[in-house]
S.K.: 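Before I ask anything, here is the structure I am working with.
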2 protein chains.
Amino acid sequence: MLFTGTHIHKLDRKGRVSVPKRFRAALDQEQFAGIYLYQSHKESALEGCSHSHMERIAASLDELDMFSDEADDLADTILGSSHMLPYDGEGRIILPAELIEFAHIEDQVAFVGRGRTFRLWNPDIFKPLQDASRTRTLNRGATLKLKPMAELPQGARPGAPTEEDAS
Amino acid sequence: MLFTGTHIHKLDRKGRVSVPKRFRAALDQEQFAGIYLYQSHKESALEGCSHSHMERIAASLDELDMFSDEADDLADTILGSSHMLPYDGEGRIILPAELIEFAHIEDQVAFVGRGRTFRLWNPDIFKPLQDASRTRTLNRGATLKLKPMAELPQGARPGAPTEEDAS
DNA sequence: TCAAATCCCATTGACCCCCATCATTTCCCA
DNA sequence: TGGGAAATGATGGGGGTCAATGGGATTTGA
């Protein structure tokens, strides 16, 4: 269950786009056969995630002060504007016009993996931003402090192939 | 689970290259039969790692503030630009054109072990760099402070073959 | 009744499986 | 210890399969 890589797919004239096979595979344990999308609040992109990740966001919001402005805003931005998009028989979704417009998507969509989540972009907009990211990372000399292996969730670690843990 | 040595293999006209047996052996406990590759920040090379190492990166990013700029950049640079490459029946991967170009790879690929990770180079580019690196190390009189054996993870130490610790 | 969504099927081209060959290394035995 | 046989890893290539795509037909629902 990891979203990685950049996958560019076509948006057809009916507003459909194939979800990359790799992403669908990362989601095949989910109850809901589809994805969630909502507008990013800092980029001209769409945030994508699984049903269970959406649950996690809702749970996190629960922990913020129920009446704080911040919780309000986040609830509106994320939960209020999210779209639940089921696959068709070929693993495609229909991108709502509202989201196409927001992300300035034209005839191509870039699915960009970010681990537990992913983003959808107009590839022409994403590419230069990604290059800038790389430059900043390099200049910053950023190094990532890796978590100890032992703290990883079960199933993220190597070992005897987990024979479908019957959870 | 250690990548060591330099192994030079051929890139065939279909864009395939054999992953060295030693490297595959180091990965045989992984769920995913293949490797991950992404562009190095600082070198004209490709960074390679296992699925569980990529999980580790994702988990570590998860810990940074979900909305921090630094996490964003790292996600774009590493997770967004990584390629998940499964082996074929003979233990080869298909090297994506984008990566071949980035690393200026021609008809040969050098797999260079770096412990938990490894790098892929055009051998002609790597060789002089390796020589320079060796010279610097010698001049500097660099010494490596070794971790006490006792702090190593289970399975990295000699001893009775750990009969699959039933954790 | 019309528009939009879903289903279904056809096409295509990249990728993956399979097998054949070649080069090394390992093993065995004289 | 030398040489030959067998095993294993690396390489080359053909062809089938499946993911991505396009578009028509049918259903749903406003």
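Within every chain, numbering begins at 1; the chains are lettered A, B, ... in the order of the sequence lines, protein sequences first and strands thereafter.
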S.K.: Return the value, rounded to whole Å, for the distance between atom CG of B/Leu95 and atom P of C/dC15.
M.R.: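 Distance, rounded to whole Å: 12 Å.
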
S.K.: Under the 3.5 angstrom rule, does the side chain of A/Ser133 hit a backbone N or O of B/Thr77 as a donor-acceptor pair?
M.R.: no

S.K.: Can we say B/Asp76 and A/Arg114 salt-bridge, meaning some charged N sits less than 4.0 Å from an Asp/Glu carboxylate O?
M.R.: yes

S.K.: Starting at OH of B/Tyr87 and ending at P of C/dC15, how long is that distance when rounded to a whole Å?
M.R.: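 Nearest whole value for this atom pair: 19 Å.
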
S.K.: Would you kindly say whether A/His53 and A/Thr117 are connected by a side-chain donor-acceptor distance under 3.5 Å?
M.R.: no

S.K.: Could you tell me how far apart B/Asp88 (CG) and C/dC19 (P) are, to the nearest whole angstrom?
M.R.: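 Answer to the nearest Å: 14 Å.
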
S.K.: With rounding to the nearest 0.5 angstrom, report the NE2 to CD distance, B/His41 to B/Gln39.
M.R.: 9.5 Å

S.K.: Rounded to the nearest Å, what distance is computed from the CD1 atom of residue A/Ile94 to the P atom of nucleotide D/dT28?
M.R.: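 Distance, rounded to whole Å: 16 Å.
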
S.K.: Under 4.0 Å between a Lys/Arg side-chain N and an Asp/Glu carboxylate O for B/Arg24 and B/Asp28?
M.R.: no

S.K.: Got a sec? Which of residues 8-23 of chain A come in under 4.0 Å of DNA chain C, heavy atoms?
M.R.: A/Lys14, A/Arg16

S.K.: Using only atom types and a distance under 3.5 Å, with no angle test, would you say the side chain of B/Asn122 pairs donor to acceptor with the backbone of B/His104?
M.R.: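 Yes.
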
S.K.: Given atom CZ of A/Arg24 and atom P of D/dC18, what is their separation to the nearest angstrom?
M.R.: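 Between P of D/dC18 and CZ of A/Arg24: 14 Å.
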
S.K.: Whole Å only: how far is the CE atom of B/Met84 from the C1' atom of C/dC15?
M.R.: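 Nearest whole value for this atom pair: 15 Å.
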
S.K.: Give the rounded distance in Å between these two atoms: NE2 of A/His83 and P of C/dA4.
M.R.: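 Atom-to-atom, A/His83 to C/dA4, this comes out as 17 Å.
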
S.K.: Would you list the protein and nucleotides 9-12 of chain C atom pairs, both N or O, that sit under 3.5 Å from each other?
M.R.:
| unit_1 | atom_1 | unit_2 | atom_2 | d |
| --- | --- | --- | --- | --- |
| C/dC9 | N4 | A/Glu90 | OE2 | 3.2 |

S.K.: Is the shortest side-chain heavy-atom distance between A/Arg116 and A/Leu2 below 4.5 Å?
M.R.: yes

S.K.: Between B/Glu90 and B/Ser18, do the side chains contain a donor N or O and an acceptor N or O under 3.5 Å apart?
M.R.: no

